[in-house]
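So that the names make sense, note that chain A is the first sequence line, chain B the second, and so on, each numbered from 1.
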Amino acid sequence: MEEERALNFIEQEIVEDIKNERYPKHIHTRFPPEPNGFLHIGHATAICFNFGIAKKFNGKTNLRFDDTNPTTEKTDYVDAIQEDIKWLGFEWDGEPLFASDYFDELYNYAIKLIKAGLAYVDDSTSEEIAEQKGVPTEPGKESPYRNRPIEENLDLFTRMKAGEFPDGSKVLRAKVDMTSPNMHMRDPLIYRIKKEHHHRTGDEWCIYPMYDFAHGQSDSIENITHSLCSLEFKHHRPLYNWFIEKLEIFPSRQIEFARRNLTYMITSKRKLLKLVEGNYVDGWDDPRMSTISGLRRKGYPAEAIRNFCEEVGMAKRDNVIEIELLESHVRDVLNREANRIMVVEDPIPLTIANYPEDQVEIMIAQNNPEDESAGVREIPFSKYLYIDREDFMVDPPKKYFRLAPGKTVRLKNGYIIEYLSHNEEDGEVKSIECKYFDNSKSGEDNSGIKAKGTLHWVSKEQAVKVQLNNYEHLFSDPTPLAHEEKEFIDLVNPNSLTINAEALSEPSISSAKPGDYYQIFRKAYYAVDTKSTGSPVILNKTVALKGAWKDKSKK
RNA sequence: UGACCCAUGGUGUAAUUGGCAACACUACGGUUUUUGGUAUCGUCAUUCUAGGUUCGAGUCCUAGUGGGUCAACCA
């Protein structure tokens, strides 16, 4: 059943590497988050990609926290990140790993470099170093400390580690090439002094390696074969390889891909933080957020996210993927798996004139027409019902299939009814009266009546109030970051959340638990909120059904 | 006036590596339907431009155009 998909450019490279026996053992990838924030949809694509490729080639994937900057990193994030990855359905090889576990090894690598005359302690200030590096269009200048004797460098670096110097007073730099057109090769900083408490190593260290001297080396230590990262690290690759060569360590291979962008979503940790801190949303897991926890709370199934990542492919060009593609995968999974339920959003009383006053009939409804095994449920039917305001019009346009004067419709899982009369006050419909055909009961209909429309309904006596959190895109513009004259924060959609506390559900909703998802018949998919305690049940709108009909008489 | 990367429909990716531009989403129009859902059928492209190589170019070569990335003691 599995369809063979064309290999993307990275997979083709891996096939080549396997053919050439570049890596005799298995393929090994890694996902390297920095524990300084929550994972978002952009990370999800990287996760699916790294784990997916390893799986495809019978390899393994490590989870490694890139925790080399104690200023911003926290254990809370470590836990949340693991939860998100597990929820997405992936399993890393062995225990979670940490770059901080390699601090001793990394330190020894630095000593090795110094001894080889390939690294030096620089006393320049950060401004001076920036000055030396210069601009990309012209060569940089060498630091006055560049040619310190090896012994002096060794002594100074040891004392840096011992805490003898204040923050920022000295750094360790790799001696590469100050004239390189690649800024990252102009004697990059590899160690800095930071007398700060680290979330795992505590106060053991006061010098910390920079990204370029931690990430690639960690890859090598873990025998990572393919280190897949986004395009902006392309310029780091020569340095990545330089360290492998000079340190004579395992030759991991870095390959870059284009990060994926989605319309109506942003994936910058800083900007996401601004939304949280400015109370534009209700926390990191607000259903409008692009965080994995937000999407989860909104009701996006992990499978839909995985399918989306698989289908969207991988390339090197800039891209903005339409959110509709993700949404179609969400609908696809939910259509298959969500039980249907009837909920009236804006109730109007409907009385069936010829139905016995005190009778309550139990109707049998299919939970999911796409899945026989989902079974059936019982729905009470009676003389007094509610239907949705949207489903009745006094003066309907041409192709209106719903209830109107002179019209006949099917009540889903109930009877066919025909309009008799209605009451209006100040132009607003207050109630409707119909008659039913007692030989038109769902499943045993021999009335011969054809009803074009089918409506959902609830029985007045047994209906249960529920709260509907109706979400729209967080931004009113598909690309909120693409406007020079406008801040993304000013493009927040004022209608991104509408709360409907007056909706009435059929009684079976009472058994709903947080995380359960439903298709509200004819409307949308909803997930029970994580904070829903039972009465009323709180439902978060996941995504609307496609719905084609539009009232063309309105403007 | 540096270096590197990228360019296929409205969107994202394909094209057996030089052989009829395909798949999915979106939009629009049919069919089916006790969800205006699902399913199903159909419609929507001078492959950025100009040259060149070739029987044949989205693919190779040259030039141009457009877009992106790089100058944190962040990752």
Consider the side chain of [X], meaning its heavy atoms from C-beta on, and name the nucleotide among [options] that approaches it most closely.
X: A:R410; options: B:rC5, B:rU34, B:rG36; result: B:rU34
X: A:K546; options: B:rC5, B:rA15, B:rA27; result: B:rA27
X: A:P136; options: B:rU13, B:rA75, B:rG2; result: B:rG2
X: A:S442; options: B:rC73, B:rU34, B:rA71; result: B:rU34
X: A:T68; options: B:rA14, B:rA75, B:rU69; result: B:rA75
X: A:E73; options: B:rC6, B:rC74, B:rA75; result: B:rA75
X: A:E324; options: B:rU26, B:rA24, B:rC5; result: B:rU26
X: A:K412; options: B:rU34, B:rG36, B:rU69; result: B:rU34

*Base B:rU35 paired with A:Q519 side chain (donor-acceptor, <3.5 Å)*: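 Pair found.
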*Honestly, is A:K412 close enough over A:W457, meaning NZ or CZ under 6.0 Å from the six-membered ring centre and within 45° of the axis?*
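No - A:K412 does not lie over the ring of A:W457 by the 6.0 Å and 45° rule.
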[M] and [N], which share atom name [atom1], separated by this distance in whole Å:
N: B:rU59; M: B:rG9; atom1: P; result: 14 Å
N: B:rG10; M: B:rU17; atom1: C1'; result: 29 Å
N: B:rC20; M: B:rG66; atom1: P; result: 33 Å
N: B:rC23; M: B:rG42; atom1: P; result: 10 Å
N: B:rU34; M: B:rA39; atom1: C1'; result: 16 Å
N: B:rG56; M: B:rG19; atom1: P; result: 14 Å
N: B:rU47; M: B:rA7; atom1: P; result: 16 Å

Does [X] reach a base, just sugar-phosphate, or nothing at all? Heavy atoms under 4.0 Å.
X: A:T72; value: nothing
X: A:E370; value: base
X: A:N36; value: nothing
X: A:N335; value: base

*Please walk me through it: do A:R410 and A:D445 pass salt bridge (Lys or Arg N to Asp or Glu O under 4.0 Å)?*
CA-CA 11 Å; A:R410 155 77 61 184; A:D445 181 3; 2.8 Å; yes
*For B:rU17, is chi within 90° of 0 (syn) or not (anti)?*
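B:rU17: syn.
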*Taking the six-membered ring for Trp, is the centroid-to-centroid distance between A:F9 and A:F257 below 6.0 Å?*
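No - the distance between ring centres of A:F9 and A:F257 does not fall below the 6.0 Å cut-off.
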*Is there ring stacking between A:Y211 and B:rC74, where the centres must be under 5.5 angstrom apart and the planes under 30 degrees?*
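Answer is no, no stack.
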_A:T71 and A:N69 side chains, donor-acceptor separation under 3.5 Å_ =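 Looking only at side-chain atoms, A:T71 and A:N69 do form a donor-acceptor pair, the distance falling under 3.5 Å.
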Under-4.0 Å side-chain N/O to phosphate OP1/OP2 contact, [X] with [N]:
X: A:K269; N: B:rA75; result: no
X: A:R331; N: B:rC25; result: no
X: A:R317; N: B:rU13; result: yes
X: A:T263; N: B:rU11; result: no

Counter-base of [N], judged by Watson-Crick or G-U geometry with both distances under 3.5 Å:
N: B:rC25; result: B:rG10
N: B:rU31; result: B:rA39
N: B:rG19; result: B:rC55
N: B:rU62; result: B:rA50
N: B:rU69; result: B:rA3

Measure the distance from [atom1] on [X] to [atom2] on [N] and round it to the nearest whole Å.
X: A:R340; N: B:rU38; atom1: CZ; atom2: P; answer: 10 Å
X: A:Y120; N: B:rC73; atom1: OH; atom2: P; answer: 13 Å
X: A:E310; N: B:rC23; atom1: CD; atom2: C1'; answer: 13 Å

*Any ion pair linking A:R402 and A:E390 (charged N to carboxylate O, less than 4.0 Å)?*
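Answer for the salt bridge query: yes.
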*A:D122/A:R148 salt bridge by N-O under 4.0 Å criterion*: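 No.
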_With ring-ring contact (aromatic ring centres under 6.0 Å, His included) as the test, pick out the partner of A:F103 among A:F98, A:Y191, A:Y208, A:Y109._
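So, applying the ring-ring contact (aromatic ring centres under 6.0 Å, His included) to A:F103 and each of A:F98, A:Y191, A:Y208, A:Y109, only A:Y208 qualifies.
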